[in-house]
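Report on the following structure.
Only a predicted model underlies this, so the values are computations on that prediction, with no experimental measurement involved. Each chain gets a letter, A, B and so on, in the order its sequence line appears, and its residues count up from 1.
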Protein chains: 2
Amino acid sequence: MITLDLTLPDTRYPIHIGHGLLDQVELILPHLRIPQVAIITNDVVAPLYLQRLTQQLEKHGVRTIPVVLPDGEEHKNWQTLNLIFDALLAANAERKTTLIALGGGVIGDMTGFAAACYQRGAPFIQIPTTLLAQVDSSVGGKTAINHPLGKNMIGAFYQPQLVVADMDLLATLPERELSAGIAEIIKYGLLGDIDFLGWLEANMDKLRARDPVALQYAVRRSCEMKAEIVGQDEKEQGVRALLNLGHTFGHAIEAGLGYGKWLHGEAVGAGMVLAAAASQAMGWLTADDVARVQALIAAAGLPIRSPDFGAAEWLRHMGHDKKVESGVIRFVLLQQLGQAVIQPGLPATLLESLFHSPHIDPALARQ
Amino acid sequence: MITLDLTLPDTRYPIHIGHGLLDQVELILPHLRIPQVAIITNDVVAPLYLQRLTQQLEKHGVRTIPVVLPDGEEHKNWQTLNLIFDALLAANAERKTTLIALGGGVIGDMTGFAAACYQRGAPFIQIPTTLLAQVDSSVGGKTAINHPLGKNMIGAFYQPQLVVADMDLLATLPERELSAGIAEIIKYGLLGDIDFLGWLEANMDKLRARDPVALQYAVRRSCEMKAEIVGQDEKEQGVRALLNLGHTFGHAIEAGLGYGKWLHGEAVGAGMVLAAAASQAMGWLTADDVARVQALIAAAGLPIRSPDFGAAEWLRHMGHDKKVESGVIRFVLLQQLGQAVIQPGLPATLLESLFHSPHIDPALARQ
Ligand SMILES: NC(=O)c1ccc[n+]([C@@H]2O[C@H](COP(=O)([O-])OP(=O)(O)OC[C@H]3O[C@@H](n4cnc5c(N)ncnc54)[C@H](O)[C@@H]3O)[C@@H](O)[C@H]2O)c1
Ligand SMILES: NC(=O)c1ccc[n+]([C@@H]2O[C@H](COP(=O)([O-])OP(=O)(O)OC[C@H]3O[C@@H](n4cnc5c(N)ncnc54)[C@H](O)[C@@H]3O)[C@@H](O)[C@H]2O)c1
Ligand SMILES: [Zn+2]
Ligand SMILES: [Zn+2]
């Protein structure tokens with residue numbers, strides 16, 4: 001196990017990364033304010049891991065309230081969030097009861113937001129069970145639910161007490177979800193670490209084969225980069241926005257297709273290709289750079305061609321993104337591979353040509 | 001106009017108290033991050049004051065999004081909150097759009113919570129239009145909505161940029177609402193300022209007649225005390241809990257009767273009588289002290305006799321209160337008049353005798 005520290009102005013917390021951590025409840029116990037937790041999970045993860053966690057905790061005298069939600073991004077909404085509140089209040093959960101998120105990013109985001117709001121703030125712990133959640137959503141304190149008019153529009157910045165990333169839990173993850181997680185890992189290489197990008201190109205096969213050493217290294221490097229960036233800018237007033245590489249496009253894809261059609265990571269994968277193509281159009285990346293990005297994303301088993309909404313639809317969906325300021329969309333582009341920058345606004349002609357996807361090598365596109 | 005400052009570890013903001021302030025938009029303009037606001041109000045307050053505020057702002061080039069919600073505590077819930085999000089997203093409101101709460105505590109609490117959650121945090125301004133909101137709910141950053149299983153159970157600590165308390169707006173306030181506001185003013189005297197308690201006894205008639213000088217003094221002294229206490233303990237980990245004097249009982253009354261039957265301030269009025277009676281049972285207040293409390297609350301036009309739920313119901317409703325810790329209800333009682341203390345737990349026999357109201361002089365009870 002290795003442990004990273006995320007240090008913020010008002011708090012700091014450990015991120016444990018390793019194997020067999022789900023059974024090591026001694027990692028969790030010191031963080032509980034009272035011996036009572038609510039374990040928030042879903043009906044896919046619960047049969048796999050809920051009982052193990054519950055038994056370990058109860059063995060140590062911790063009362064557990066299980067809350068099993070329906071699975072899926074389409075349930076990341078107020079109705080489902082309210083099921084958490086219903087369960088907490090029915091069980092007389094207190095302000096000091098700790099909420100534990102046992103699941104992927106959907107469970108993590110909803111649990112974190114529920115914790116932020118329950119009695120104006122209860123403690124919570126992240127036990128991410130998807131690769132995406134381990135390298136991204138469980139770290140950094142962004143929490144949210146979706147609104148019919150926009151993804152993650154309702155939420156809070158609210159930090160967990162602790163993150164426990166157990167590689168073993170990835171054994172049961174569907175292949176498509178694994179790839180979606182790799183999308184966010186590629187993002188870190190692209191936005192800030194060209195060496196890591198090279199490592200990913202060299203080790204993509206191992207990652208997809210779930211080689212434990214490769215996985216742990218990729219999770220660790222990703223969390224290091226995320227912790228460093230979030231440590232500099234918790235509330236996304238500056239550098240943290242770089243973590244949205246591929247996301248303005250990606251969110252538009254998710255919204256345009258309807259949430260849940262493509263996985264978040266898949267949309268981000270195709271979104272990063274668009275970001276690379278836009279960066280080439282700005283004169284920053286070469287055609288070879290863009291091809292390299294496409295090849296890596298394709299090697300991860302991710303789509304590299306975005307749906308064809310037409311420019312008007314694209315703009316409409318991107319206009320609802322949180323990265324809009326005074327009507328100007330703040331794009332994250334690549335000055336070069338391994339160096340992302342914020343670009344407020346892009347010429348309409350550039351965007352239009354982008355959305356007809358001339359930059360994407362059809363041979364590499366999915367299907 | 002007088003201006004108080006509320007100073008917190010991470011922020012500080014002004015509280016303006018005076019007459020004719022609604023038309024002085026120059027108080028508001030410097031606090032806007034972009035020239036766009038959403039004015040959140042309800043269908044009672046909108047016909048009275050919305051147009052005036054909108055016109056003043058638009059005259060200065062500020063785009064306004066009006067959001068008129070249904071009136072009433074029974075609408076302080078997720079459904080109504082969602083109407084705010086719907087309107088914000090439909091109008092493409094951004095993270096820097098300022099939400100302005102134009103209304104009583106219900107509008108203020110919901111607007112503050114909506115601002116806390118919208119895109120993980122938009123700025124907001126309080127323009128309280130009830131006496132209760134001016135002396136209590138608009139100051140200090142507690143925001144919330146109700147849940148069927150508990151009042152204010154879902155919310156956030158989230159501070160406004162600015163509070164503008166205009167005494168003139170109280171002219172249209174129904175008498176019963178005026179009294180409800182006075183309940184919270186009496187609370188400040190009881191919990192921390194015996195001189196102010198004396199002033200209230202001497203000036204209750206003036207307050208109820210809406211004497212402008214008396215009102216402004218009462219609002220000012222209340223806000224001073226609230227700002228001082230919140231400044232010491234923003235997140236209610238200690239001294240801020242004293243502001244809940246009368247509220248553990250009061251919330252149980254509101255929940256027991258069903259939200260909206262009694263006004264919040266009325267429930268707090270009767271709740272403070274119970275708190276005084278419990279303090280007498282603890283040997284802290286004299287019978288004369290309790291009579292003095294009852295007389296002042298009655299003089300404010302507030303109920304002094306609580307509904308007779310029976311002890312079991314009382315305990316059930318109080319058990320859902322946020323001031324429960326490890327199963328122990330943390331009561332706020334009076335060591336003496338003008339000095340409140342936290343009392344974790346009370347003997348069952350004391351509570352039972354309390355709920356049969358032997359301490360309340362029937363001659364003073366309402367009806
Ligand atoms: N908060 C942030 O900073 C942040 C960052 C990135 C993404 N997100 C959010 O994360 C969400 C996506 O997260 P996700 O990709 O983890 O999706 P997810 O939570 O829906 O999980 C994907 C699927 O895998 C299942 N699953 C989870 N763990 C499993 C396991 N160990 N074995 C088998 N199946 C398992 C889930 O039940 C689900 O069906 C999106 O809502 C996105 O907005 C948030
Ligand atoms: N956040 C806090 O710290 C805090 C503190 C105390 C109370 N509260 C909350 O505040 C709420 C009660 O606030 P309230 O008493 O202001 O109730 P309210 O907001 O319901 O207002 C009372 C009534 O007066 C009407 N009204 C408002 N201004 C008016 C005006 N100028 N002229 C005529 N009518 C007017 C309203 O429409 C409503 O019908 C409760 O929900 C309570 O939980 C919050
Ligand atoms: Zn992402
Ligand atoms: Zn109150």
To the nearest 0.5 Å, tell me how far F85(B) CZ sits from M153(A) CE.
->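 These two atoms lie 11.5 Å from each other.
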
Could you give the distance from CG (N77(A)) to CG (N82(B)), rounded to the nearest 0.5 Å?
->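 Answer rounded to 0.5 Å: 9.5 Å.
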
Report yes if some heavy atom in the side chain of D10(A) is under 4.5 Å from a heavy atom in the side chain of D10(B); otherwise report no.
->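 Yes, at least one pair of side-chain atoms sits under 4.5 Å.
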
Looking at side-chain heavy atoms only, is the closest gap between Q119(B) and N152(A) below 4.5 Å?
->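 In short, these two side chains do not touch, never coming nearer than 4.5 Å.
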
Contact summary for R95(B) and E236(A), nearest pair of heavy atoms =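 In terms of heavy atoms, the two residues are closest at NH1-O, 3.9 Å.
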
If you take all heavy atoms of R120(B) and A144(A), which pair is closest and at what distance?
->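 In terms of heavy atoms, the two residues are closest at NH2-CB, 3.7 Å.
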
Please classify the contact of [X] with chain A as side chain, backbone, both or neither, using a heavy-atom distance under 4.5 Å.
X	result
I34(B)	side chain
F113(B)	side chain
D86(B)	both

Which residue out of T143(B), I145(B), L88(B) racks up the most heavy-atom pairs below 4.5 Å with chain A?
->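 Greatest number of close heavy-atom pairs with chain A: T143(B).
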
Heavy-atom count around E58(A) CD within 6.0 Å, excluding the residue itself: above 12?
->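 Buried by this count: over 12 neighbours within 6.0 Å.
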
Decide if atom CD of Q232(B) counts as having more than 12 heavy atoms of other residues, nucleotides or ligands within a radius under 6.0 Å.
->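 Yes, CD of Q232(B) has more than 12 neighbouring heavy atoms, counting only those of other groups under 6.0 Å.
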
Heavy-atom pair count under 4.5 Å with chain B, highest-scoring of A114(A), C117(A), A156(A) |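 Top option by heavy-atom pairs under 4.5 Å: C117(A).
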
Do the rings of W78(B) and W78(A) sit parallel, tilted or perpendicular, given the 30° and 60° boundaries?
->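 Parallel, since the angle between the ring planes stays under 30°.
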
